[in-house]
Amino acid sequence: KGVMLSFGAFGHVGYHVAKNLGVVEPEQWFSYLPLSHIAERALMEMVAITTGSTISFAESLETFAQNLRDTQPTIFGGVPRIYAKFQEGVLAKLPQEKLDKLLRIPLVNRIIRKSIVKKLGLARARMVVSGAAPTPSSLQEWFKRIGVDIRETYGMTENTAYSHSNYKEIKIGTVGQPFPTVETKISNDGEILIRHAALMKGYYKDEATTKAV
């Protein structure tokens with residue numbers, strides 16, 4: 001759509017997301033989405049640059065899982081489909097019924113959860129985020145049982161992906177609270193309205209759509 005975003009918008013998001021997520025020292029990030037994707041550009045690149053963090057890149061789709069295990073990022077973001085694939089991979093090796101039995105045994109519970117999370121590549125992850133589409137509550141609950149809390153996030157290219165997140169506390173089934181500096185309200189026809197310093201300037205060479213927005 002040719003969304004026009006300023007350098008100031010990216011700077012605003014980089015600084016405030018780092019502050020809101022409590023990123024006070026360099027973190028280890030893992031990148032695999034297209035770098036033109038707004039979440040990758042704003043929520044990862046800009047926060048990493050702001051905090052002097054390290055970004056590791058997946059070599060290919062085929063090596064994604066191994067690259068993630070090798071990296072063990074401290075912050076990881078993905079779309080719901082990624083987490084669904086993680087779950088499928090675990091259940092292919094450890095069927096749900098057997099997993100449920102093992103998780104009911106106190107000492108074994110801890111060993112199993114630790115092993116699964118390490119093999120997924122999330123052993124060091126202090127924050128796991130999902131966005132771009134709704135994450136099924138059942139999927140979030142499943143990950144919670146193995147010790148991974150998925151924080152739902154909401155945003156779009158037009159607002160530099162800076163809108164709402166479960167960054168304070170996790171309430172499954174919601175996109176969380178608006179980030180600080182974000183003004184939000186619901187219009188009479190049910191549309192989510194957002195205002196802050198990182199909104200787009202408009203659509204490139206499309207004055208009609210820009211005026212409509």
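What you see is a predicted model, and the numbers here were worked out from it, not measured in a lab.
Of the possible polar contacts, none joining the Thr153 side chain to the Ser165 backbone as a donor-acceptor pair under 3.5 Å is found. A donor-acceptor pair under 3.5 Å is absent between the side-chain atoms of Thr63 and the main chain of Asn67, judged by distance alone. At distances below 3.5 Å, at least one donor-acceptor pair connects side-chain atoms of Thr174 with backbone N or O atoms of Lys171.
Using a 4.5 Å heavy-atom threshold, the side chains of Pro73 and Leu68 count as touching. Val79 is listed as a side-chain neighbour of Ile82, based on a closest heavy-atom distance under 4.5 Å. Within the 4.5 Å cutoff, the side chain of Lys185 has no heavy atoms near those of the Arg195 side chain. No side-chain heavy atom of His37 sits less than 4.5 Å from a side-chain heavy atom of Arg41. Proximity of Leu199 to Glu158: side-chain heavy atoms (C-beta onward) are nowhere separated by under 4.5 Å. Counting only heavy atoms from C-beta outward, the side chains of Met127 and Leu21 approach each other to under 4.5 Å. Thr184 is listed as a side-chain neighbour of His164, based on a closest heavy-atom distance under 4.5 Å. Proximity of Ile111 to Leu102: side-chain heavy atoms (C-beta onward) are nowhere separated by under 4.5 Å.
Rounded to the nearest 0.5 Å, atoms CG (Leu91) and NZ (Lys98) are 12.5 Å apart. Separating the CZ atom in Arg151 from the CD1 atom in Ile172 is a distance of 11.5 Å, to the nearest 0.5 Å. Considering CD1 of Ile75 and CZ of Arg124, their distance stands at 11.0 Å, rounded to 0.5 Å. In this structure, CE in Met44 is found 8.5 Å from CG in Leu33, a value given to the nearest 0.5 Å. Taken from CZ in Arg81 to CG in Leu139, the straight-line distance is 10.5 Å, to the nearest 0.5 Å. With rounding to the nearest 0.5 angstrom, the OG1 atom of Thr71 is 11.0 Å from the CG atom of Leu122.
Across Val3, Asn159, Thr210, a single residue satisfies side-chain contact (heavy atoms from CB on, under 4.5 Å) together with Met200, and that is Val3.
Donor-acceptor pairing under 3.5 Å is lacking for the side chains of Glu152 and Asn166. His12 and Thr181 are linked by a side-chain donor-acceptor pair at a separation below 3.5 angstrom, with hydrogens and angles left out of the test. There is no side-chain donor-acceptor pair under 3.5 Å between Thr135 and Gln140. Looking only at atom types and distance, the side chain of Glu45 has no donor-acceptor partner in the side chain of Trp29 under 3.5 Å away. In the model, Ser31 has a side-chain atom that pairs as donor or acceptor with a side-chain atom of Glu40 under 3.5 Å. For Gln28 and Thr54, the side-chain atoms include no donor-acceptor pair closer than 3.5 Å.
Other residues, nucleotides and ligands contribute at most 12 non-hydrogen atoms within 6.0 Å of the CG atom of Leu107. Heavy-atom neighbours of Glu97 CD from other residues, nucleotides or ligands within 6.0 Å: at or below the threshold of 12. The local environment of CZ in Arg69 is crowded, with over 12 non-hydrogen atoms from other residues, nucleotides or ligands closer than 6.0 Å. Annotation: Phe64, atom CZ; neighbour count of heavy atoms from other residues, nucleotides and ligands within 6.0 Å is above 12. Crowding of Asp189 atom CG: a count of heavy atoms from other residues, nucleotides or ligands under 6.0 Å exceeding 12. Atom CZ of Phe57 has more than 12 neighbouring heavy atoms from other residues, nucleotides or ligands inside a 6.0 Å radius.
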Test log, rule side-chain contact (heavy atoms from CB on, under 4.5 Å), inputs Val129 and Phe76: CA-CA 6 Å; Val129 180; Phe76 179 79; over 6 Å; no
Intermediate values then yes/no, salt bridge (charged side-chain N to carboxylate O under 4.0 Å, His left out), Glu141 and Lys144: CA-CA 5 Å; Glu141 294 283 6; Lys144 188 178 179 67; over 6 Å; no
Check against side-chain contact (heavy atoms from CB on, under 4.5 Å), Arg113 and Ile116: CA-CA 5 Å; Arg113 288 191 303 165; Ile116 291 174; 5.9 Å; no
Glu25 vs Thr51, side-chain contact (heavy atoms from CB on, under 4.5 Å): CA-CA, chis, key distance, verdict: CA-CA 6 Å; Glu25 58 185 30; Thr51 58; over 6 Å; no
Residues Arg126, Glu27; criterion salt bridge (charged side-chain N to carboxylate O under 4.0 Å, His left out); working and verdict: CA-CA 10 Å; Arg126 70 172 188 82; Glu27 301 276 0; 2.9 Å; yes
Trace of the side-chain contact (heavy atoms from CB on, under 4.5 Å) decision for Ser6 with Lys201: CA-CA 7 Å; Ser6 69; Lys201 297 298 182 182; 4.0 Å; yes
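Between Phe86 and Tyr83, the angle of the ring planes goes over 60°, which puts this pair in the perpendicular group of the 30/60° scheme. Using cut-offs of 30° and 60° on the angle between ring planes, the pair His16 and Tyr162 is tilted.
There is no path of hydrophobic side-chain contacts, each under 4.5 Å, that joins Leu193 to Val175. Hydrophobic clustering (ILVMFWY, side-chain heavy atoms < 4.5 Å, transitive): Val90 and Ile105 are in one cluster. By the rule that hydrophobic residues join a cluster once side-chain heavy atoms approach within less than 4.5 Å of another member, Leu120 and Trp142 end up as members of one cluster. Both Val182 and Met156 are part of a single hydrophobic cluster, where members link through side-chain heavy atoms under 4.5 Å apart. Taking hydrophobic clusters as Ile, Leu, Val, Met, Phe, Trp and Tyr residues chained together by side-chain heavy-atom distances below 4.5 Å, Leu35 does not share a cluster with Phe10.
Summarising the geometry of Gly131 relative to Pro80, their closest heavy-atom pair is O-CD, 3.3 Å, with the distance given to 0.1 Å. In terms of heavy atoms, Ile150 sits closest to Ser130 at CG2-CB, 3.5 Å. A pairwise comparison of heavy atoms in Ile194 and Ser163 identifies CD1-OG, 3.4 Å as the closest pair. Closest of all the heavy-atom pairs between Thr160 and Ala9 is OG1-CB, 3.8 Å. Contact record, Val13 with Ala198: CG2-CB, 3.8 Å, taken as the closest heavy-atom pair. Closest approach of Ala125 and Val128 over heavy atoms only: CB-CG2, 3.9 Å.
Taking the ring centroids of Tyr154 and Phe179, they lie at or beyond the 6.0 Å cut-off.
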